[in-house]
Protein chains: 2
Amino acid sequence: MQPEPPAPAPAPAPASAQSRPTLADVAAHAGVSASTASLAFSGAGPVSDATKQRVFDAAAELGYGGPDPRARSLRRGRSGIVGVVLEERVRAAFLDPVKIQMLDGITEGIAPLGAGLLLLTDTGEPGDNAVSIESAPVDAVVLIGCSPRLAESVDALRRRGIPAVAIEGATGDGIPEISIDNRQATRRGAEYLRELGHSRVALVTLPFDAARTRGALTPELERAGTAATTLERLAGAREVFPDAPAQVAGASSIEEGLEAGRAVLADPAARPTAIIAQSDLLAAGVILAAEEYGIAVPAELSVLGFDGIRVDGLQHDLTTLAQPSAAKGRAAGEAVVRLLAGEVPESVCFTSTLHVGDTTAAAPR
Amino acid sequence: MQPEPPAPAPAPAPASAQSRPTLADVAAHAGVSASTASLAFSGAGPVSDATKQRVFDAAAELGYGGPDPRARSLRRGRSGIVGVVLEERVRAAFLDPVKIQMLDGITEGIAPLGAGLLLLTDTGEPGDNAVSIESAPVDAVVLIGCSPRLAESVDALRRRGIPAVAIEGATGDGIPEISIDNRQATRRGAEYLRELGHSRVALVTLPFDAARTRGALTPELERAGTAATTLERLAGAREVFPDAPAQVAGASSIEEGLEAGRAVLADPAARPTAIIAQSDLLAAGVILAAEEYGIAVPAELSVLGFDGIRVDGLQHDLTTLAQPSAAKGRAAGEAVVRLLAGEVPESVCFTSTLHVGDTTAAAPR
DNA sequence: CGGCGTCTTCGAATCGATTCGGCCTAGAAT
DNA sequence: ATTCTAGGCCGAATCGATTCGAAGACGCCG
């Protein structure tokens with residue numbers, strides 16, 4: 001045996017490699033063709049165990065970390081990533097338990113895909129090299145509470161042939177939509193309050209527009225409103241209490257509910273006997289406001305929420321319209337799976353159920 | 001003018017296309033080379049406005065939705081995606097305000113990259129085609145509170161040459177780490193309590209292990225603990241109160257804090273005068289437990305938290321060790337940016353500040 | 001001992017875009 | 001009028017892996 005002085009590298013150290021080894025390098029090192037090495041890694045084709053082992057050994061020796069996902073996704077035409085488009089900044093979305101439950105449901109729904117979730121925000125400008133909704137390596141996207149502004153992005157998605165599913169957002173473009181019966185549910189809740197004898201009812205609503213204008217609801221704001229969910233729930237309440245005054249909150253949070261609640265309850269003379277809040281967090285805030293004023297809930301004031309989340313720390317069992325948030329997310333995820341399988345999932349409208357807790361009671365005489 | 005029966009498609013409709021048009025198709029349609037079309041889209045090279053316009057027109061006509069991000073990322077070697085590795089399931093992570101603030105900070109930190117955030121969970125098995133931490137098209141990853149189990153994943157990252165940053169998790173592998181002074185901060189808080197005259201102090205801690213074992217802290221559990229943060233904060237408290245009993249919560253939530261608080265405060269005889277909770281949510285739960293027992297906070301019981309978040313709905317200004325969560329996230333994001341720029345960012349250890357609210361007071365005589 | 005079937009392995013084309021060096025042409029300078 | 005300069009555009013190689021049809025080897029059966 002002769003020495004081999006020109007041998008580039010001994011073996012264990014990937015010293016010679018300027019850059020990372022590729023599948024081809026591994027194949028060469030293992031003495032097989034690139035195709036065989038590929039088969040070995042993907043586990044698909046028929047490869048003898050011996051060969052497979054040889055390939056893995058070579059990979060280990062070269063410090064090869066597996067096939068490059070970029071190349072793989074180019075060739076396969078799939079990236080294994082599902083985009084989630086939020087209309088707010090990440091922080092805002094994550095503060096809303098309903099959105100979180102939906103996100104969780106989505107992850108559950110797309111689990112069979114083994115796909116990752118890419119967070120995208122729908123904030124105009126696709127910067128220089130930014131990964132926006134228009135240029136993200138996603139196999140499909142879930143639009144959450146999408147605004148009208150999304151229209152062009154939706155268009156881009158269609159051009160790129162990326163299937164989409166919308167949650168709580170009418171895109172009306174052949175995109176399957178997952179929604180709930182906002183209007184009917186609220187009406188049912190309102191009817192329940194009427195049955196309890198309430199007639200002086202006030203509303204605390206979610207924002208109407210992107211500017212999150214706060215304060216008493218004005219006809220102008222109501223007309224200019226773009227938030228579909230807010231409008232639908234409002235309409236449902238108005239079907240029962242056409243003249244109920246409404247206070248608009250700036251977001252769905254206890255803090256905002258507290259503020260709105262203070263505004264509504266400030267004047268003892270004009271005090272309602274029941275408040276319909278458009279979310280549980282708002283309702284929780286309203287209850288705190290009532291406590292501040294020494295108003296007993298539900299004896300003196302009934303409070304109705306919406307969502308059916310467990311408000312961490314609230315000492316009441318909120319009467320609320322429980323919507324299946326996680327199920328919505330799961331349905332969206334499953335719709336994505338079907339879309340990617342070439343099927344055409346239908347839109348789904350979930351039903352909310354009235355959960356009677358201890359925050360509503362017969363109207364005080 | 002004659003009718004054109006055999007004409008495949010007029011122009012606007014991409015009817016003839018079996019599959020989606022590619023850049024090459026657009027280039028051909030515009031009468032330029034593929035390279036020129038590419039330059040036009042990327043906006044980089046010198047292309048006359050006229051040519052550029054011709055390319056865009058052709059694209060519009062063909063219904064071309066822009067360069068395929070998969071191919072682009074293969075060629076460019078970057079995907080524009082940053083992975084965030086959470087050790088829990090998505091839902092769990094999103095329920096923790098601290099994590100959310102960090103996520104938000106991360107998005108802020110990596111903003112100059114224009115990159116998207118890919119949510120990854122570190123749950124063992126990289127399923128068949130799953131996009132796991134081992135095979136995701138990410139340019140870099142942020143490890144959040146990573147457990148020892150992550151070791152092999154970290155190894156895979158190194159092999160694949162993917163830079164990583166760790167938040168609150170000792171990886172000790174040349175990975176820059178963003179952390180806070182858990183131990184010293186807790187010690188400072190404990191010292192403050194001692195100065196107030198407290199000596200009967202109990203602890204309510206975060207989980208020690210992945211199983212989230214609840215209950216009174218046993219020496220075995222303490223020894224087997226793998227959660228660095230929990231252990232550090234515990235050590236800090238023990239420096240001042242070596243014999244303080246500890247109750248372990250199953251997670252950082254008000255609910256868990258409430259339960260732990262009940263356990264600690266159940267026996268009137270063995271009641272402490274102060275409780276050091278390892279998170280604000282736990283502290284909030286403890287306060288609720290105190291209220292249940294009719295124990296006045298802070299007159300009869302002082303409660304110290306950790307994190308400095310605003311607990312939505314809590315009627316107290318919590319005395320707490322405020323950590324800069326968002327700043328931590330931002331620092332991690334910035335570290336990622338630097339890593340991708342080829343620099344070597346250093347580890348950063350943030351300092352928490354003692355915020356004195358209205359939940360601590362001198363120890364009752 | 002030869003034909004045939006099966007299990008492996010290999011070649012070569014392909015996915016879609018980017019990029020670098022070179023070539024061409026028009027305008028400017030002398 | 002000729003040469004120089006520079007802006008524009010094109011060709012061809014490349015990124016790294018996957019995939020399908022075909023070729024090779026081996027064992028079995030007649």
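Side chains are part of it too, since the values below use all heavy atoms of this structure and drop only hydrogens, waters and symmetry mates. Below, chain A is the first sequence line, B the second, and so on; all start at residue 1.
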With sugar-phosphate meaning primed atoms plus P, OP1 and OP2, does Thr51(B) contact a base, only sugar-phosphate, or nothing at under 4.0 Å between heavy atoms? sugar-phosphate

To 10°, what angle do the rotation axes through the five end pairs on each side of the helix from dC1(C)-dG30(D) to dT30(C)-dA1(D) form? 50°

Readout for nucleotides 15-26 of chain C: B = base within 4.0 Å of protein heavy atom, S = sugar-phosphate only, - = neither; 5' to 3' it is BBBBB-------

Of Val142(B), Leu118(B), Ile133(B), the residue whose pairing with Val85(B) passes side chain to side chain contact (heavy atoms under 4.5 Å, CB included): Ile133(B)

Answer yes or no: is there a side-chain heavy-atom contact under 4.5 Å between Ile162(A) and Val138(A)? yes

Pair listing, salt bridge (charged side-chain N to carboxylate O under 4.0 Å, His left out) test, anchored in residues 26-53 of chain A, at least two apart: none

Indicate yes or no: does Asp104(B) engage Lys99(B) in a salt bridge with an N to O separation below 4.0 Å. no

Ring-ring centroid check Phe56(A) Tyr64(A), cutoff 6.0 Å: no

Charged N-O contact under 4.0 Å between Arg158(B) and Asp155(B): yes

Could you state the atom-to-atom distance from NZ of Lys52(B) to C1' of dG7(D) in whole Å? 13 Å

Looking at every non-hydrogen atom in both residues, tell me the closest pair between Leu23(B) and Ala37(B) and how far apart they are. CD1-CB, 3.6 Å

Output yes when Glu168(B) and Lys328(B) qualify as a salt bridge under the 4.0 Å nitrogen-oxygen rule, no when they do not. yes

